[in-house]
Amino acid sequence: MTALMIHGGAGTFPEESREPALAGCHRAFAHAQALLEDGRSAVDVVEAAVMLLEDDPVFDAGHGSYPDTEGRARMDAIIVDGATLDFGAVACIGNVAHPVSVARRVWEATDHCLLVGNDATTFAHAQGFPCVPDEALLAQGEKPSGQGTVGAVALDAAGHVAAATSTGGTRGRLAGRVGDSPLIGCGAIAEDGVGAVSATGHGEPMMKLMISRLVLEHLRAGLTAEEAATRAITHLEWRFGGEGGLICVDASGRIGHAHNTEHMPHHGRSADDLHVTGLTDRG
Ligand code: ASP
């Protein structure tokens with residue numbers, strides 16, 4: 001009994017990037033689904049899915065990141081293990097292709113949960129992650145602000161859940177700004193027996209609400225995955241007028257998603273083999 005869902009960011013995707021964004025989600029889903037069927041752990045699966053999405057320049061994560069006010073690619077990422085509640089995260093990291101893998105290394109190779117800024121970049125390079133120049137990471141041309149943060153949630157065959165989120169940040173953000181994505185309970189959360197959540201959207205209101213934690217508590221209280229995601233997005237809109245999206249999986253492999261933006265490319269499969277995919281259906 002396994003389940004998997006991925007997203008490619010909540011926002012407005014212009015006509016020309018809609019098909020590539022959906023295709024990118026399908027590719028990442030297919031790759032991660034194969035790993036899940038091979039018996040790999042939920043943590044491995046969400047990392048692998050997010051790495052592929054970070055490689056795809058249609059998304060605002062890894063390659064394709066929006067510049068900050070200094071013209072640099074500075075990225076945030078988190079990965080969470082529902083079995084232990086361990087997580088690793090990086091914020092304002094530069095010059096790496098896969099912030100999600102550096103986040104995992106923070107958790108696995110240090111006693112810490114979150115590293116930031118130049119020190120996070122130095123850590124990554126010291127750990128053997130190759131140095132990637134800003135020009136290779138930055139979004140090319142007039143990439144519109146259809147936000148393309150990426151994320152994944154999974155339930156593996158052993159009953160463990162995991163979540164990961166990675167972003168190149170919001171367009172025009174102040175240098176040094178950290179969004180919701182690398183913050184536990186905001187950009188992602190996971191807990192065995194309850195579920196896993198990945199969030200995307202305008203980070204400031206989402207972190208005020210600790211929106212991923214909110215979804216998790218809705219799941220704990222017995223809401224379905226779809227209801228939990230929808231209720232949290234409704235709350236975000238009501239309380240702050242915030243815009244965003246969520247994906248989640250519960251402990252029995254039901255999947256849910258919601259967004260109040262025009263688009264949120266996503267692809268998922270529940271434990272009872274229900275496939276959900278699309279760009280525009282609104283939760
Ligand atoms: N939540 C991300 C941030 O505020 C952006 C996004 O999801 O599109 O950095």
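Just so you know, ligand 1 is whichever comes first in the structure, and atom 1 is the first atom listed for that ligand. Given the structure is predicted, the values throughout are model-derived calculations rather than measurements. These values consider heavy atoms only, across backbone and side chains, with no hydrogens, waters or symmetry-generated copies.
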Whether Gly169 lies under 4.0 Å from ligand 1, heavy atom: yes
Per-pair distances, 0.1 Å, donor-acceptor, side chain in residues 35-43, under 3.5 Å, sequence neighbours excluded:
from, atom 1, to, atom 2, distance (Å)
Glu37, OE2, Gln33, NE2, 2.7
Arg40, NE, Asp44, OD2, 3.1
Ser41, OG, Asp44, N, 3.1

Test of proximity, Gly203 against ligand 1: N or O pairs below 3.5 Å: yes
Heteroatom distance test (Thr200, ligand 1): nitrogen or oxygen, under 3.5 angstrom: yes
Min N/O separation Asp180 to ligand 1 under 3.5 Å: yes
Atoms of ligand 1, numbered as shown, that sit under 4.0 Å from any heavy atom of Thr149: 2 (C), 5 (C), 6 (C), 7 (O), 8 (O)
Met207, CE: over 12 other non-hydrogen atoms inside 6.0 angstrom: yes
Thr2-Arg269 side chain donor-acceptor pair, cut-off 3.5 Å: yes
Side chain to side chain, Glu54 and Met75, heavy atoms closer than 4.5 Å: no
Whether Arg177 lies under 4.0 Å from ligand 1, heavy atom: yes
Ligand 1-proximal atoms of Ser181, by part, heavy-atom distance under 4.0 Å: side chain
Parallel, tilted or perpendicular: rings of Phe13 and His263 (30°, 60°): perpendicular
Residues forming a side chain to side chain donor-acceptor pair (under 3.5 Å) with Asp55, sequence neighbours excluded: His98
Distance-only N or O hit between ligand 1 and Glu204, under 3.5 Å: no
Side chains of Leu4 and Val45 in contact at under 4.5 Å (non-hydrogen atoms): yes
Polar atom proximity, Gly148 to ligand 1 (N or O, under 3.5 Å): no
